[in-house]
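Data first, discussion second: the structure below is written as structure tokens.
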Amino acid sequence: MSSVAVAGSLNIDLVIRAPHCPQKGETVVGSTFGMAGGGKGSNQALAAARLSAKSHIIGCIGSDDFGRKLKNVLTENGVDCSQLHTMKNAPTGTAVITVTDDGNNSVIISQGANSLLDDDAMMKAADVFESSDAALFQMESPAKTVAAGLKLSRRHGCKTFLSAEPPFSLPAEAWENIDYLILNERALSFYAGRKQHKSVEEMANEILMRGVKCLAVTQSAKGGMIFVKGGDHFSFDAFNIRAVDNTGARDAFCAGFCVGLCEGMPLKRAAKFASACGALACTKIGAHPSMPWRHQVSALLGEAADDEYEL
């Protein structure tokens, strides 16, 4: 069994379904409302556990009902919460999400306790990093903390993964501590400093020159591309599914990519495995509810009728 330490955000998601996202000054009449666990760190830790990894969460919640709810869900799904810190001076993070009828979403986040995840929390988690195969980070935590966590986990022998979204500036020294970087095209443009007529390949090479070993660029329904430092790049396909809500899909992809590589899957196989995880996350409403289970991913890959990716 692989072991993954996930350091990052935990939110309660307030989700409203609507025909479209409101424009400036517009009021849109929505339909269904739901509340579920979310936050990129929480989503990825939950997904890793459901994918049969030993999963640990490093993060902060408030001493409120939302925080207790998140901790209970993670614990019930087998996530180790020994490094989940309850903060008395901040509420649990909250996200307000609009999901449109075509399955896309827009998100507003109140960071709350997530903003208090600091270098000290990373140091307290040293034993977790020591016992884990990989450490997975996102950018819903302070960038300084992410940089410290990447350095510390690398020192303890972890493969390091960063889902660098939402795109915020990262300390320059952090790049060389990233083994696997996962971005969508918008974030790739942000980090590469996109110029006119610059291709995805050119931007990816700029990122790899900073010390990153491998870059995965996700392209939603088009699949994505994998770039390896000093090697060739390749594309991977998305699965043909009926999307009802893409909230958390990239988190499921990130967890799947991380778990797959920790289990020793070749890079192409891990990308296909991750793509299946992301596809399944689009078939249910809400982040936590949509994180896929291992048997569901295996079934979807089996339906692909491709021996290369048979699990």
Side-chain angles (χ1 to χ4, degrees), residues 8-44 60-62 64-66 70 90-117 138-143 146 162-170 182-198 200 203 217-222 224 238 241-254 278 281-290:
S9 60
L10 300 95
N11 296 327
I12 284 291
D13 292 345
L14 309 177
V15 185
I16 297 178
R17 193 152 192 113
H20 64 271
C21 293
Q23 303 299 310
K24 183 178 179 179
E26 180 186 12
T27 297
V28 176
V29 177
S31 53
T32 58
F33 167 79
M35 183 172 68
K40 291 184 177 299
S42 179
N43 294 340
Q44 292 175 15
C60 298
I61 53 175
D64 49 31
D65 287 343
F66 283 176
L70 285 166
T92 299
T94 306
V96 178
I97 303 174
T98 302
V99 179
T100 58
D101 288 342
D102 59 3
N104 290 308
N105 67 66
S106 61
V107 185
I108 299 175
I109 294 174
S110 174
Q111 283 189 304
N114 294 312
S115 66
L116 302 180
L117 187 65
Q138 321 80 34
M139 294 302 293
E140 286 183 345
S141 302
V146 171
L162 175 62
S163 171
E165 296 156 0
F168 294 118
S169 295
L170 192 65
I182 305 162
L183 303 171
N184 61 18
E185 287 188 274
R186 184 172 66 89
L188 175 64
S189 297
F190 174 86
Y191 288 110
R194 186 169 193 167
K195 298 176 182 177
Q196 192 174 11
H197 305 309
K198 190 177 288 188
V200 170
M203 290 189 288
V217 181
T218 60
Q219 298 171 307
S220 300
K222 295 188 293 183
I241 50 91
R242 180 180 177 275
V244 297
D245 178 10
N246 62 12
T247 304
R250 193 171 291 105
D251 295 329
F253 178 95
C254 293
C282 293
T283 62
K284 293 183 179 180
I285 296 175
H288 274 191
S290 68

Interatomic distance, [X] atom [atom1] to [Y] atom [atom2] [nearest 0.5 angstrom]:
X: L116; Y: I61; atom1: CG; atom2: CD1; result: 12.5 Å
X: R186; Y: T218; atom1: CZ; atom2: OG1; result: 11.0 Å
X: I12; Y: D64; atom1: CD1; atom2: CG; result: 8.5 Å
X: H20; Y: E26; atom1: NE2; atom2: CD; result: 3.5 Å

[Y] and [X], any side-chain heavy atoms less than 4.5 Å apart:
X: R17; Y: I285; value: yes
X: R242; Y: V244; value: yes
X: N11; Y: I109; value: yes
X: E165; Y: I182; value: no
X: L170; Y: M139; value: yes
X: F33; Y: L14; value: yes

Closest heavy-atom pair and its distance - [X], [Y]:
X: A238; Y: S220; value: CB-O, 3.8 Å
X: N43; Y: G38; value: OD1-CA, 3.2 Å
X: F190; Y: P167; value: CD2-CB, 3.5 Å
X: P19; Y: D101; value: CA-OD2, 3.4 Å
X: P142; Y: S115; value: CG-O, 3.5 Å
X: K198; Y: A192; value: NZ-O, 4.1 Å

I need the single residue from S141, S42, S9 that forms a side-chain contact (heavy atoms from CB on, under 4.5 Å) with N114. Which is it?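 Result for side-chain contact (heavy atoms from CB on, under 4.5 Å) with N114: S9.
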Counting only N and O atoms by type, is there a donor-acceptor contact under 3.5 Å from the side chain of [X] to the main-chain atoms of [Y]?
X: Q111; Y: E140; result: yes
X: Q44; Y: C254; result: no
X: Y191; Y: F168; result: yes
X: T92; Y: G62; result: yes
X: D245; Y: T247; result: yes

Show the numbers, then the answer: is there a side-chain contact (heavy atoms from CB on, under 4.5 Å) between D13 and H288? CA-CA 9 Å; D13 292 345; H288 274 191; over 6 Å; no
Applying side-chain contact (heavy atoms from CB on, under 4.5 Å), can you list everything that pairs with T283, at least two apart in sequence or on another chain?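 So T283 forms a side-chain contact (heavy atoms from CB on, under 4.5 Å) with I241.
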With sequence neighbours excluded, tell me which residues meet side-chain contact (heavy atoms from CB on, under 4.5 Å) with S106. C21, T98
